[in-house]
Every structure is written in C-alpha cells, then in structure tokens.
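The figures that follow rest on heavy atoms only: side chains count, while hydrogens, waters and symmetry mates do not.
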There are 2 protein chains.
Amino acid sequence: MATDNRGIPIPTIKRFPSYLRLLKGYRDEGMEMVSATMLADELGLKPIQVRKDISCTGIEGKPKVGFTVVKLIDAIVHTLGWDNATDAVLIGAGHLGSALARYEGFESYGLKIVAAFDIDQQKWGAKLGDVPVYPLSHLQQYLEENHVNIGVIAVPAVQAQEVAEKLVACGILAIWNFAPKDLKLPPRVVVQRTDLATSFAVLSAKVKRKMAKEDLLEEDDEW
Amino acid sequence: MATDNRGIPIPTIKRFPSYLRLLKGYRDEGMEMVSATMLADELGLKPIQVRKDISCTGIEGKPKVGFTVVKLIDAIVHTLGWDNATDAVLIGAGHLGSALARYEGFESYGLKIVAAFDIDQQKWGAKLGDVPVYPLSHLQQYLEENHVNIGVIAVPAVQAQEVAEKLVACGILAIWNFAPKDLKLPPRVVVQRTDLATSFAVLSAKVKRKMAKEDLLEEDDEW
DNA sequence: TAGATTGTTAATCGATTAACAATC
DNA sequence: TAGATTGTTAATCGATTAACAATC
C-alpha cells in the first residue's frame, strides 16, 4: 500500500483539484518542472503549504528545481483515486440533474454517469447529453444488473431521504447529494453534500465581515 | 454592533444552513422549543458542538428546556446576513446557469438573481424562470444603472477569469464562482467557489479510505 | 560556488471536545 | 426535588506556519 490516503487531511484533499487543473495547463504548455513556490503564487497559497500537500502524494522534488509536472499529476490523480473510473447513477433529471449529466469535467475525475432516473413520465426515454433517462421504478433492477458504486441525488429536498434509502437498499456505497437536505443514513455509506446554501452562507459571512471591517475603518477615520 | 460575525468560525457558518432547515421544519410543525441535543441527534453532530455554534448567534437558552425555535431561526438568519436581500447578476445561461436561475431556494437566503448575461445570441431575450437573459455586452451598462453587489459566474472555465475581471471593474463586491477555475482577483473582492471537483475529491477520498479500511479488516480476519 | 528550493521537525493557531458548575 | 440541559473554562486534537538543515 504505497500511497493510501488515510491520514491525508481533508483540506489538503480539497486543494488537490486546484493543483491538478494548474498542472495540466502547465503540461499542455510543455512545461516539465514546477516549483511549489510557483503553484502557491498562482493559487494564493503559501509555498510551505503546497510543499506539505505535495508530500502527501509521496512525490519527491529536487531542491532548486522543483517537481516533475507529469509525475505530480499522476501522483495526485492516483492519491484521489481518480485513475479508476467509477460508474454513477443520477436520480432526478430536472434542471440541476440535467446540468450534471451534461457536465464534461467528470470524465477527468474518473466519474461516469451511466444512467438517470426520474419519476416524471415525460422525461423517460429522453437523453441528457449521452445519459439515458429511465423511470425511477426501474432503478432497483438497473442496479441489480449493473455494477454501480455511486448515486448522485438531484431531486427536490422532500424526496431526497427516500431516494437515498432506496439507493442504499440497492447496495450503493457512496452518495453525492445535491438536494438541500441532510440525509440520515447508516455510517457505512459515504455521503458527500454539495449544498448551495452552505456555500452561499460562507460568501454571506465573508461579505458581512468585510462590510463590518470597512465600517470600522471609516469610524477610525473620523476619530 | 450587537451580533456582528467577525470571529465566528467558518465551520460554524457552514453548519448554520442545516440548523436553519431543520428549525424551519420544526416551526412549521408548530414546535416552540428545541434542545441542542435534539438538533445534534438529527444532524449527526455532538450536542456540545451545536451549543457552541448557537452561542455564536448570541441567543440564550433555558436549561432543561432548550431554545425558542423562532428566536433561533431569526438569530441564525441575522447572523448570516440573510435578512437583507441582495441582488445578484448571473453570467452564463447554459445548463448550470439555467438551473441556478430557476433555483427557488435562494429566496430564503436573501439572494435574488435579477438578470442573466450570455455571449450566445440565441439566448438573448429568453427567460430562465423569471430571470431575463441579456447580451453580455450590456453587462456594464446594467451594473451602472442597477445596484448589484454579487456576481454569479457559470461560464466555461476558460472564460471565467475574464468575466470575473469585468465584474470587478464594474464594482461588484463579491463573486460566487461555479466555473472550475481558480480566479486571481484583488483581495478586496470576496470570492466563493462552488467547485464540483473539490466536492467530488472529498467523496473519492472518503470512498478510498473506506475501501482501504475494509481491505485491512479482511486482512485481519485472515490472521 | 551561491542561492533557491526541498523536506523535516517544532511552534503556533484555531476548532473540537471534555469537564463541570449553574439552572429551570 | 431530581435530572436534563445550558454555558463556560480548560484540555485535546489537527492543520497551518515557522525555522532550518540538506541539497542540487
């Protein structure tokens, strides 16, 4: 087990995709080596943090020179587990589901949405990009016949829990939940939320903080 | 400045929307009081953490009884700054942009998307839900004539930086970026990313970790 | 060589968790 | 009252940052 990722901090995991995007750009430009300093500069991080993150991949660099771009790409991809493609089903073929199904970036993450399911009869038989839409009632059968590890939930909040339980009952290992609802599921199931409310809350808080600081500065000016 | 939010930890901010959803449900069911224990239980958190989070809002509870549901809702909404509606423009009327424009949950966050802009001529004049789509070339004029604080970016990665710079030049204070690209902007601009890659990276890492643990357990069994 | 960069070890910082007195 | 729950203070845990020797 040369590069397992137990113990890699979540914040580091979250920075990996940014490194990856940058590194792929460098590779496409023909750049062979890159230093932590350069990456840090480009992403607004501190060099020491980039070095720490990189060290989690097990890759070693050369003092004064830096790291081999393609080696680093491979190492990050492998550390994230993105070198093994994983099939996923999408539940919910509304606007968000449709956007997800058509999103082409998933390919480079090793994620492949193989089928979508919806309760709305009008959507059955349609295609979202390359992804066929089936009746939700066919989900169980589909999962019995196809090996799929991940379920992507893009249904309204009120239906999310029920859909999640159905997925779990069918043996799904991990759920990526886009519904604005916190799911209660057995701990063996991996759940990842992508929640607009959460993201916007952080934005709101930062804006409010910034406003407060500016008000404070103005006060200071008057003194 | 009774309840400014400087010093409220970001992880706490991120949990607020989950509390809010739960509390609104309780309110609608007619529940008047709620304990930290109950919230924790429902969300899979520890009671102590919920109490710490709640204390950041300035709300006080009653021992043995808990907190007043509606008071708590108001306090969280106010702490997030969601009691003041903020206008936003959306750049990019593709599938994702369309899904965002039609998303009805934003209303309860105090976010209102007032207009969308796109370079694609075919989209001009259309409406995404209630949101009109204008030519991107009209952005500057629109922002001069309307007071808008937030820009939502839902364009392809290659165009994101350029669009962001245009928004900043027009005086936008904060940017919510859905493009898979790290923006380089002056520090005075608040930037929040909602990045599918980042979210999926965490999911992948958790799955990989889980697999490794299971493999390990199997090994243990054999010994 | 000189100097930039790596990698490691230690210090700092911030969030979570524990302990416990106060209280309804 | 007894016991559940709050709120505060202190301890723990984990990530970031600093310091610095090693190295190309």
Atom pair distance, as rounded to whole Å: [atom1] in [X] and [atom2] in [N]:
X       : N      : atom1 : atom2 : answer
A/Leu39 : C/dA4  : CG    : P     : 19 Å
A/Ile10 : D/dG14 : CD1   : C1'   : 12 Å
B/Ile8  : C/dG14 : CD1   : C1'   : 15 Å
A/Glu60 : D/dT23 : CD    : P     : 11 Å
B/Lys64 : C/dA21 : NZ    : C1'   : 18 Å
B/Ile59 : D/dT8  : CD1   : C1'   : 18 Å

- prompt: Can you list, by residue number, the residues of residues 41-54 of chain A that have a non-hydrogen atom closer than 4.0 angstrom to DNA chain D?
  reply: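 Under 4.0 Å from DNA chain D: A/Ile48, A/Gln49, A/Lys52.
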
query: Which part of the nucleic acid, if any, lies within contact of B/Lys62, taking any heavy atom under 4.0 Å across all strands shown: a base, the sugar-phosphate backbone alone, or nothing?
result: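 Result for B/Lys62 = sugar-phosphate.
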
message: Within the 4.0 Å heavy-atom criterion, would you say B/Ser55 contacts the bases, only the backbone, or no part of the nucleic acid?
response: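 Here B/Ser55 touches no strand at all.
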
query: Relative to each other, are the rings of B/Phe106 and B/Tyr103 parallel, tilted or perpendicular (30° and 60° limits)?
result: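 B/Phe106 and B/Tyr103: perpendicular rings.
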
query: If we only count heavy atoms from C-beta on, is the B/Val202 to A/Lys14 side-chain gap below 4.5 Å?
result: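 Yes. Closest side-chain heavy atoms under 4.5 Å.
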
field: Test item: B/Tyr109 and B/Leu20 side chains (from C-beta on) under 4.5 Å apart, heavy atoms
entry: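 Result no, sub-4.5 Å side-chain heavy-atom pair not found.
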
query: Partner of D/dC24 by Watson-Crick or G-U wobble geometry, both contacts under 3.5 Å, or none?
result: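 D/dC24 is paired, partner C/dG3.
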
- request: Find the partner of C/dT9: check Watson-Crick (N1-N3 plus N6-O4 or O6-N4) and G-U wobble (N1-O2, O6-N3) distances, both under 3.5 Å, and reply none if neither fits.
  value: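 Pairing partner: D/dA18.
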
message: Quick check against the 3.5 Å criterion: does B/Arg102 have a side-chain atom that pairs as donor or acceptor with the backbone of A/His95?
response: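 Such a contact is absent between B/Arg102 side chain and A/His95 backbone.
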
From D/dT23, D/dT5, D/dG7, nucleotide with atom closest to B/Ser35 side chain: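 The nucleotide sitting nearest to the side chain is D/dT5.
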
field: Proximal nucleotide (of C/dT16, D/dA4, C/dT23) relative to the B/Thr12 side chain
entry: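 Among C/dT16, D/dA4, C/dT23, the one nearest the side chain of B/Thr12 is C/dT16.
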
field: Identified side chain to side chain contact (heavy atoms under 4.5 Å, CB included) partner of B/Leu167 from the options B/Ile150, B/Leu185, B/Ile91
entry: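 Exactly one option meets the side chain to side chain contact (heavy atoms under 4.5 Å, CB included) with B/Leu167, and it is B/Ile91.
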
message: Assess, by modelled atom type and distance only, whether the side chains of B/Arg15 and A/Thr198 contain a donor and an acceptor separated by less than 3.5 Å.
response: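 Short answer, no.
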
field: Pair A/Asn149, A/Thr86: side-chain N/O donor-acceptor within cut-off below 3.5 Å
entry: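 The criterion, which ignores hydrogens and geometry beyond distance, is not satisfied for A/Thr86 and A/Asn149.
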
